[in-house]
Trainee: 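This is the structure I have questions about; it appears just below.
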There are 2 protein chains.
Amino acid sequence: MTQAGAAGATPTLEMVAARAGVSRATVSRVVNGSPKVTPEIVEAVQAAIAELNYVPNRAARSLASRRTHAIALVVPESTARVFNDPFFATLVQGVALALSDTEYTLSMLMESERSVDKTRRYLLGGNVDGALVVSHHTGDHSYAHVSRSLPVVFGGRPLDPAEQVTHTVDVDNVHGAELATRHLIDRGCRRIATIAGPQDMPPGVDRLAGWRRALQEEGLADDLVEFGDFSPTTGAAAMRRLLDRGEPIDGLFAANDQMAIGAYSAIREAGLSIPDDIAVVGFDDDNYGATAVPPLTTVHQPSLEMGSTMARTLVQLIEGEDVEPATMLDTELVLRASA
Amino acid sequence: MTQAGAAGATPTLEMVAARAGVSRATVSRVVNGSPKVTPEIVEAVQAAIAELNYVPNRAARSLASRRTHAIALVVPESTARVFNDPFFATLVQGVALALSDTEYTLSMLMESERSVDKTRRYLLGGNVDGALVVSHHTGDHSYAHVSRSLPVVFGGRPLDPAEQVTHTVDVDNVHGAELATRHLIDRGCRRIATIAGPQDMPPGVDRLAGWRRALQEEGLADDLVEFGDFSPTTGAAAMRRLLDRGEPIDGLFAANDQMAIGAYSAIREAGLSIPDDIAVVGFDDDNYGATAVPPLTTVHQPSLEMGSTMARTLVQLIEGEDVEPATMLDTELVLRASA
DNA sequence: TTGTAAGCGTTATCAT
DNA sequence: ATGATAACGCTTACAA
């Protein structure tokens, strides 16, 4: 190792230039992979970089280029409260996974009660090149206006279809619910109930619509509906109300796995068995359903794919490429023992 | 709104200075809360800031101050693969939560096969003021050397106690396992088995040690040990081996909930009931155990607290405050129906 | 193809 | 208490 290589302080581009005997501009070109640099020089510069263990300073680079190479992931308060939301955890992993192939860095912004404006300022303050906004079950698009000054990709569609949001990645909830319901029909169920989610959340609305559509196409009754808020307890309560109607029920589609698990207990309380008396299908494919007894047949929610698709879309947007304004992700049925 | 207020471009500190009729230095002082600025001027500057909707540029600030106000959260590859690891998801939330009270920003770095060096360079390249390194079940401290050039806080202790890592936040696994085992003893169990985790991971070692200690203190046999790798399937296999020994077993401590759930099925297969024939206690308090039938009695793993403690510790370290080199987090028993 | 030099928006060191 | 004026480390016209 030579003299300069032993330097303790963080090496700068200037030091690399001196060592390689070229100008800073040339070093910069090499670092940024400019095509018009003589191979010999490229080699010399790279050698100097390696010897000095040079790493570009991100702040300086951002300041000069006006690009941060960072993107923000905004987690709404409601999600932040649900510490065990597997959907979100998986989505984050998908984002991180997609980003690990790029130069971009992920900044997680968790919204707390008083930070909504802080977040907005952060996004608008040139701290990131773009933002990802997730809103799981809710249709909250309070960041819609931010997308006018910054590339933004939303996860999930807005509640009001009229509110056009530039870029979204969503799961085909209607189709997924149809898949689930059709499976119940195919296995012979004729009195199929549903425990629907809140109707002020797009997935709640869409999954109910899918259930209804499958039933109507077969000419079956679609009046066995009760609502829950996606939690296990409301699922159990809804199931009890369904059972209390006194009408026969041989199949159930719950708008998510947690409510399906809640329904399990209500069904058992009534002395009925799953799937013999009532076949059950959920939605989300989370661990609640996978580890339940019997294991829950459900619709897979492509959380990981959603995260990586959102990230990829945002990066393309930032780099100025053309991207579809809305991507719809497919769901698939996961067959287990409950139906 | 006045003329200047309508400016479309991102306002700079210089524009604020011009509008307030002061120098840039003064604006900078106000922004940074310097105590020696005349109240009147502070007010004038703040008014200008509000009118222009000024937000400081992070890159410029970092470049000049040599501080980034960002910290990295490094997720090792093994964790990145386990997409449904609730421990990690909750920990991240804890980190984000603690950070939301500060000026710091979180950058998530997911390690993929080929990125270990990329990550190291990132950390050393002045991109962050400090780093958080998590290694859940593993004792991997390959980033130990990084802590010589950057404040680093590790989650979990190193496998080899000799390898002194500067700052760590850990869960008291030994004590938690003792708590679990003692509970089984208290409810009358005398032939208590354990499904231990891998012995090349600190939690695997510590939880086995805790089980053993509780047993020895009561003079009970500690030979009913089988090992698993923390997954449900290996838990089931281990339980089968335990049962195949032909010796009586009336209690089981599984080193984590997932293996406990695996053991559930093996116990049922053998025609035994939980908790009447065999009482079961797990460790982690994740959703696998909470939604199982019967609900699993387990030891709560303070993931959220671990995340926020790590974050707080790192921030203190960065700000030059004195902090304890090692923090040990308490666990507590969560009583449910399985024991 | 390579070098020169002017910023990028702050902070920080001096004077005043 | 306030204001000039250098940095901070890099990118990027523009020149050569």
Side-chain angles (χ1 to χ4, degrees), chain A residues 7 9-46 48-49 52-70 103 105 121-122 124-129, chain B residues 7 9-46 48-49 52-70 103 105 121-122 124-129:
Chain A
T10 312
T12 68
L13 189 153
E14 173 138 39
M15 294 166 64
V16 174
R19 187 165 227 288
V22 298
S23 72
R24 297 181 313 183
T26 299
V27 176
S28 177
R29 290 186 186 106
V30 172
V31 169
N32 294 296
S34 163
K36 36 177 120 189
V37 180
T38 311
E40 292 173 6
I41 297 207
V42 170
E43 208 167 324
V45 171
Q46 282 174 338
I49 287 177
L52 294 177
N53 225 290
Y54 167 73
V55 180
N57 177 300
R58 171 171 283 253
R61 200 195 273 237
S62 296
L63 186 56
S65 66
R66 307 167 135 286
R67 299 178 80 274
T68 66
H69 279 290
E103 284 288 273
T105 261
R121 298 192 93 94
Y122 182 84
L124 266 19
N127 293 301
V128 292
D129 292 339
Chain B
T10 312
T12 68
L13 190 154
E14 172 139 38
M15 294 166 64
V16 174
R19 186 168 228 286
V22 298
S23 72
R24 295 181 309 182
T26 298
V27 176
S28 177
R29 290 186 186 105
V30 171
V31 170
N32 294 295
S34 163
K36 37 176 123 188
V37 180
T38 311
E40 292 173 6
I41 298 209
V42 170
E43 208 166 326
V45 171
Q46 282 174 338
I49 288 176
L52 293 177
N53 227 290
Y54 166 74
V55 180
N57 178 301
R58 171 171 285 254
R61 198 194 276 236
S62 296
L63 185 56
S65 67
R66 311 171 130 287
R67 300 180 79 270
T68 65
H69 279 290
E103 283 288 275
T105 263
R121 297 193 95 93
Y122 181 84
L124 266 18
N127 293 301
V128 292
D129 293 339

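Naming: A, B, ... by sequence-line order, numbering from 1 per chain.
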Trainee: Among A:Val45, A:Val42, A:Val22, which residue satisfies the side-chain contact (heavy atoms from CB on, under 4.5 Å) criterion with A:Val37?
Mentor: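 Testing each of A:Val45, A:Val42, A:Val22 against A:Val37, the sole residue satisfying side-chain contact (heavy atoms from CB on, under 4.5 Å) is A:Val42.
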
Trainee: Hey, does A:Thr10 have a side-chain heavy atom less than 4.5 Å from the side chain of A:Tyr54?
Mentor: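 The answer is no, as the side chains (C-beta and beyond) never meet within the 4.5 Å cut-off.
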
Trainee: Determine whether a donor-acceptor pair (N or O, by modelled atom type, separation under 3.5 Å) exists between the side chain of B:Arg58 and the backbone of B:Thr68.
Mentor: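 Flag set: sc B:Arg58 to bb B:Thr68 pair under 3.5 Å.
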
Trainee: Keeping to residues at least two apart or across chains, list the salt bridge (charged side-chain N to carboxylate O under 4.0 Å, His left out) pairs with something in residues 35-44 of chain B.
Mentor: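 Qualifying pairs, neighbours excluded: none.
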
Trainee: To the nearest 0.5 Å, tell me how far A:Asn127 CG sits from B:Asn57 CG.
Mentor: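 It is 7.5 Å, given to the nearest 0.5 Å.
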
Trainee: Quick check: on DNA chain C, is the nucleotide nearest B:Ser62 upstream (toward 5') of the one nearest A:Pro35, or the reverse? Name the residue that is more 5'.
Mentor: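 Final value for this comparison: A:Pro35.
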
Trainee: Please report, to 0.1 Å, the donor-acceptor pairs under 3.5 Å made by any side chain of residues 24-31 of chain B, with sequence neighbours excluded.
Mentor:
unit_1, atom_1, unit_2, atom_2, d
B:Thr26, OG1, B:Ser23, OG, 3.3
B:Ser28, OG, B:Asn32, ND2, 3.4

Trainee: Mind calculating the distance between CZ (A:Arg67) and P (D:dC10) to the nearest angstrom?
Mentor: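 Whole-Å distance recorded here is 18 Å.
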
Trainee: Taking five pairs at each end of the helix from C:dT1-D:dA16 to C:dT16-D:dA1, what angle separates the two helix axes (nearest 10°)?
Mentor: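 The end-segment axes of the helix from C:dT1-D:dA16 to C:dT16-D:dA1 are tilted 30° relative to each other.
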
Trainee: Counting only non-hydrogen atoms, which of residues 25-34 of chain A are less than 4.0 Å from DNA chain D?
Mentor: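 The stretch gives A:Ala25, A:Ser28, A:Arg29, A:Asn32 as the residues lying under 4.0 Å from the strand, ordered by number.
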
Trainee: In this structure, how many angstroms lie between the P atom of D:dC10 and the CZ atom of A:Arg58, rounded?
Mentor: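 Rounding to the nearest Å, CZ of A:Arg58 and P of D:dC10 are 13 Å apart.
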
Trainee: Quick check: closest heavy atoms across A:Leu63 and B:Ala59, and the distance to 0.1 Å?
Mentor: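 Scanning both residues completely, I find the closest heavy atoms to be N-CB, 3.8 Å.
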
Trainee: Using OP1 and OP2 only, check whether a side-chain N or O of A:Thr38 sits under 4.0 Å from C:dT2.
Mentor: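 Result: yes.
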
Trainee: Produce the list of close N/O pairs, under 3.5 Å, pairing protein atoms with atoms of nucleotides 7-9 of chain D; give distances to one decimal.
Mentor:
unit_1, atom_1, unit_2, atom_2, d
D:dC8, O3', B:Arg66, NH2, 3.3
D:dC8, O2, B:Ala64, N, 3.3
D:dG9, OP1, B:Arg66, NH2, 2.4
D:dG9, N2, A:Ala60, O, 3.4

Trainee: Residues in side chain to side chain donor-acceptor pair (under 3.5 Å) with A:Arg67, at least two apart?
Mentor: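 Here the qualifying residues are A:His69, A:Tyr104.
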
Trainee: Provide the closest heavy-atom pair for B:Met15 versus B:Pro11 in the form atom of the first, atom of the second, distance.
Mentor: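 Taking B:Met15 first and B:Pro11 second, the nearest heavy atoms are SD-CA, 3.6 Å.
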
Trainee: What pair of heavy atoms forms the shortest contact from A:Ala44 to A:Ala20, and how long is it?
Mentor: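 Nearest pair, atom of A:Ala44 first, then A:Ala20: O-CB, 4.1 Å.
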
